[in-house]
Peer 1: 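Have a look at this one.
Computed over heavy atoms, backbone and side chain alike; hydrogens, waters and symmetry mates excluded. In what follows, every chain begins at residue 1, and chains take the letters A, B, ... in the order their sequences are listed. Bear in mind the structure is a predicted one, so any value in this text is a computation, not a measurement.
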Amino acid sequence: MYRTHHCNELRKSHAGETVTLSGWVNTVRDQGGVIFIDIRDREGVTQCVFRAEENAEAAKLSHSLRSEDVIQVAGRVDHRPEIDGQSTINEKIETGEVEIVVTDLTILNKAEVLPFQLDKELSNEDLRMKHRYLDLRRPRMTRNLRTRHAITKALRDGLDENGFAEIETPILSKSTPEGARDFLVPSRLNPGKFYALPQAPQQYKQLLMVAGIEKYFQIARCFRDEDLRADRQPEFTQVDIEASFISTEDIFALIEGLLTKVFAESRGVEIKTPFDRLDYWDAMDRYGNDKPERRFGCEIVDLSEHFKDSGFGVFKRAIEGGGVVRAINAKGFAGVSTGQIKRLEEVAKEAGAGGLAYIQVRGKAHDTWRSPIVKFFSEEELAAIEKDLNIEEGDLILFGCDSRRTVCDVLGRLRLECCEMNNWLEGKEGELDFLWVVDFPLLDYDDDEGKWNAVHHPFTRPKACDEALLEDESKWGEIRAEAYDVVLNGNELGGGSLRIHERDLQAQMFRVLGVDDEEQAENFGHILGAFQYGAPPHGGIALGLDRLVMLACKEESIREVIAFPKNNKGIDLMSASPAEVDFKQLREIYVKSTVQEKKD
RNA sequence: GGAGCGGUAGCUCAGUUGGUUAGAGCGCCGGCCUGUCACGCCGGAGGUCGCGGGUUCAAGUCCCGUCCGCUCCGCCA
């Protein structure tokens, strides 16, 4: 038997018992005559004491112990003694009132010196990933992985309690031209043909609804061959949910219940339900973003009314051209540095602005306002923006003037940049602001491609009241979808929609998206066919599990909550994948590389 | 595809206007120590300053190129 207890189990009440522990050498404190070893397992640490008078052989062996050796100790649980009237209790650890007086020490496996110290901060991501199995030994990482387990368990239990059945769908599936780039898998048995790894089990879960499953879920691995980010990996996990005969309200209630359970069981916190709801354009107009971070203010204010006939030509012309003039008030940021203004200008331009107009409010009087543009404003205009933006001494006002969409984007990004520059979220890390963003547009015109795209996906149902607008292309941009996102602290946790379940409506939707009849038959024939045979009304949602766990663990990257993640370039540095394969393997699957060797 | 930040000892980092033998803390190795818990004390080893080229009497430091890591934009229905 390797152990009778784990390393965070023994307390005063165990004193006198003979126990056995197994684990890693966390620290060695060799005093010469007496040696202290902290033994660590995944639960915690326990101090072991070696003395020559207890067991000369074990004490001698203990001198040879090094960090991360794997050992087994047996001995007697003892109270921490008082030495010269001083307590030796360590209040910093949960087992600090006891220690094990070791009588037997077995070295199960020696460890080489590690490439990095487990108890120190490590900034070298490269090194962490190369030795991920060591990185994961650090308590924070172990805790993250176990929190991930607690969350998936809470979700499974919650969905099970609501009558949902977990069903696996194929990993080898069919490539669809819409959406993200697919990972492809050549088929050996079908030369020249390829499977695609699923970006999401969307069509399969809808077909399960046609199959009469009614309530489906899956903790589903999904794949997208796009560039990576701190919150994006090429393979990631979605909690995929679909149900028949269900309304949006039913889905909201289900998800609010699940997230309540998740945060109660993973972090022990109670979250407020029901979540607030914001419609898409409300979110865009106020926060410039469809996943608003609402833990700080600085909302966007529309000033178009005041500048219709302005002497400031830039604003006037923007409004005449159908655009808007809006601004945010970055409270207390009048002391913005030249470098920061330059940075804010870059952010604005990146979002499509021509430039950045601003006012540094140095004092109460309008003539103390420092700004490249304020000289063009009339006294009435100054008074009006002072009132609408609630301008006070010390504020920084940032303007945007352009089309509504561009201004939303520009000011939305500036708002977040100001937040970062000023640490407005300091002290609010623990706040959990959930909300639903609803009434997304159904379609979005892509200028580059010259065609309409689905904002969510092509299976999303238009709102019943807007369905008739599908007949009139000039109105396509106004059609709202039965689609919704759940947002937490400015992060999109998940999104879903009610789906189209009628064959004709689905075919019409494809035509709107520029998918002709032939292409429909080839790529979507199975789902259009299925809809002819009694498809029930249905809808669902998918939650990004990695992001959810990341936020629950208060981490900044999903890499911290994935056991073996990939780096910026999609490489697993530990196993060195992807890797080249030999010619024979490629020949078997009828694949030939076109990569050119780099010439020096 | 683009932008920003970074790469100096095993790790975390410092290194001034270019100027002696490139430093610190932790870790590591050896020694001492019977109540430590960030143990302490003494001694020691350890460097292709990412790589290549250039400027210079002299480059970790300046210039050019390149590789790698992270972050962001594009992209991600």
Peer 1: How many Å lie between CD on A:E121 and C1' on B:G25, as a whole number?
Peer 2: 15 Å
Peer 1: If we ignore angles and hydrogens, is there a donor and acceptor under 3.5 Å between the side chains of A:H538 and A:Q206?
Peer 2: yes
Peer 1: What is the distance from OH of A:Y445 to C1' of B:A77, rounded to the nearest Å?
Peer 2: 17 Å
Peer 1: Does B:U34 have a Watson-Crick or wobble partner in any strand here, with both distances under 3.5 angstrom, and which is it?
Peer 2: none
Peer 1: Atom NZ of A:K92 and atom C1' of B:A38: how far apart are they, to the nearest Å?
Peer 2: 8 Å
Peer 1: Taking donor-acceptor contacts at under 3.5 Å, does the side chain of A:Q47 reach the base of B:U36?
Peer 2: yes
Peer 1: Hey, what's the ring geometry for A:F524 with A:F510, parallel, tilted or perpendicular (30° and 60° as the breaks)?
Peer 2: parallel
Peer 1: For A:S123, answer base if it contacts any base atom (sugar-phosphate contacts may also be present), sugar-phosphate if it contacts only those atoms, and nothing otherwise; contact means non-hydrogen atoms under 4.0 Å.
Peer 2: sugar-phosphate
Peer 1: Using atom CD1 of A:I100 as one end and atom C1' of B:C37 as the other, report the distance to the nearest whole Å.
Peer 2: 15 Å
Peer 1: Partner of B:A77 by Watson-Crick or G-U wobble geometry, both contacts under 3.5 Å, or none?
Peer 2: none
Peer 1: At 4.0 Å (heavy atoms only), tell me whether A:I35 reaches a base, stays on the sugar-phosphate, or touches nothing.
Peer 2: nothing
Peer 1: Regarding A:N90, tell me which of base, sugar-phosphate or nothing describes its non-hydrogen contacts under 4.0 Å with the strands shown.
Peer 2: base
Peer 1: Within less than 4.0 Å of OP1 or OP2 of B:C28, is there a side-chain N or O belonging to A:R66?
Peer 2: no
Peer 1: What distance, rounded to whole Å, do you find between the two P atoms, one in B:G44 and one in B:A24?
Peer 2: 12 Å
Peer 1: So, is A:R80 near the phosphate of B:C37, with a side-chain N or O under 4.0 Å from OP1 or OP2?
Peer 2: no
Peer 1: From NZ of A:K130 over to P of B:C68, roughly how many Å is that when rounded to an integer?
Peer 2: 13 Å
Peer 1: Scan every strand shown for a Watson-Crick or G-U wobble partner of B:A3, both distances under 3.5 Å, and answer none if you come up empty.
Peer 2: B:U71
Peer 1: Does a salt bridge link A:E467 with A:R480, judged by any charged N lying under 4.0 Å from a carboxylate O?
Peer 2: no
Peer 1: Name the nucleic acid region contacted by A:E53, choosing base, sugar-phosphate or nothing; use a 4.0 angstrom heavy-atom cut-off, strictly under.
Peer 2: base
Peer 1: Grab the N/O contacts between the protein and nucleotides 39-43 of chain B below 3.5 Å, and write none if there aren't any.
Peer 2:
unit_1: B:C39; atom_1: N3; unit_2: A:Q31; atom_2: NE2; d: 3.0
unit_1: B:C39; atom_1: N4; unit_2: A:D30; atom_2: O; d: 2.5

Peer 1: Does the side-chain ring of A:F36 lie flat on the base of B:U36, meaning centres under 5.5 Å and planes less than 30 degrees apart?
Peer 2: yes
Peer 1: Can you tell me the pairing partner of B:C26 across any strand shown, Watson-Crick or G-U wobble, with both distances under 3.5 angstrom?
Peer 2: B:G10
Peer 1: What do the steps show when you test A:T103 against A:E54 for side-chain hydrogen bond (donor to acceptor under 3.5 Å, both in side chains), and what is the final call?
Peer 2: CA-CA 6 Å; A:T103 50; A:E54 298 285 342; over 6 Å; no
Peer 1: So what does A:E449 hit on the nucleic acid, given a heavy-atom distance under 4.0 Å: a base, only sugar-phosphate, or nothing?
Peer 2: nothing
Peer 1: Any salt bridge linking A:R405 with A:D409? Criterion: basic side-chain nitrogen under 4.0 Å from a carboxylate oxygen.
Peer 2: no
Peer 1: If you measure from the C1' atom in B:U21 to the same atom in B:G47, how many Å do you get, rounded?
Peer 2: 13 Å
Peer 1: Just by distance, do the side chain of A:N423 and the backbone of A:E426 share a donor-acceptor pair under 3.5 Å?
Peer 2: no
Peer 1: Is A:D485 salt-bridged to A:K291, going by a charged N under 4.0 Å from an acidic O?
Peer 2: no
Peer 1: Is it the case that over 12 heavy atoms from other parts of the model lie below 6.0 angstrom from the CD atom of A:E91?
Peer 2: no
Peer 1: Anything under 3.5 Å between a protein N or O and an N or O of nucleotides 70-73 of chain B, put it in a table, one pair a line.
Peer 2:
unit_1: B:C70; atom_1: OP1; unit_2: A:N568; atom_2: N; d: 3.4
unit_1: B:C70; atom_1: OP2; unit_2: A:N568; atom_2: N; d: 3.1
unit_1: B:C70; atom_1: OP2; unit_2: A:N568; atom_2: ND2; d: 3.1
unit_1: B:C70; atom_1: O3'; unit_2: A:R559; atom_2: NH2; d: 2.9
unit_1: B:U71; atom_1: OP1; unit_2: A:R559; atom_2: NH2; d: 2.4
unit_1: B:U71; atom_1: OP2; unit_2: A:R559; atom_2: NH2; d: 3.1
unit_1: B:U71; atom_1: OP2; unit_2: A:N568; atom_2: OD1; d: 3.4
unit_1: B:C72; atom_1: OP2; unit_2: A:A230; atom_2: N; d: 3.3
unit_1: B:C73; atom_1: OP2; unit_2: A:R229; atom_2: NE; d: 3.1

Peer 1: Hey, does A:P115 reach any base, or is it just sugar-phosphate, or nothing, if we go heavy atoms under 4.0 Å?
Peer 2: sugar-phosphate
Peer 1: Checking A:R140 against A:T142: is there a side-chain donor and acceptor pair closer than 3.5 Å?
Peer 2: no
Peer 1: Do A:Y216 and A:D240 have side-chain N/O donor and acceptor atoms under 3.5 Å apart?
Peer 2: yes
Peer 1: Mind calculating the distance between CG (A:D446) and P (B:G74) to the nearest angstrom?
Peer 2: 13 Å
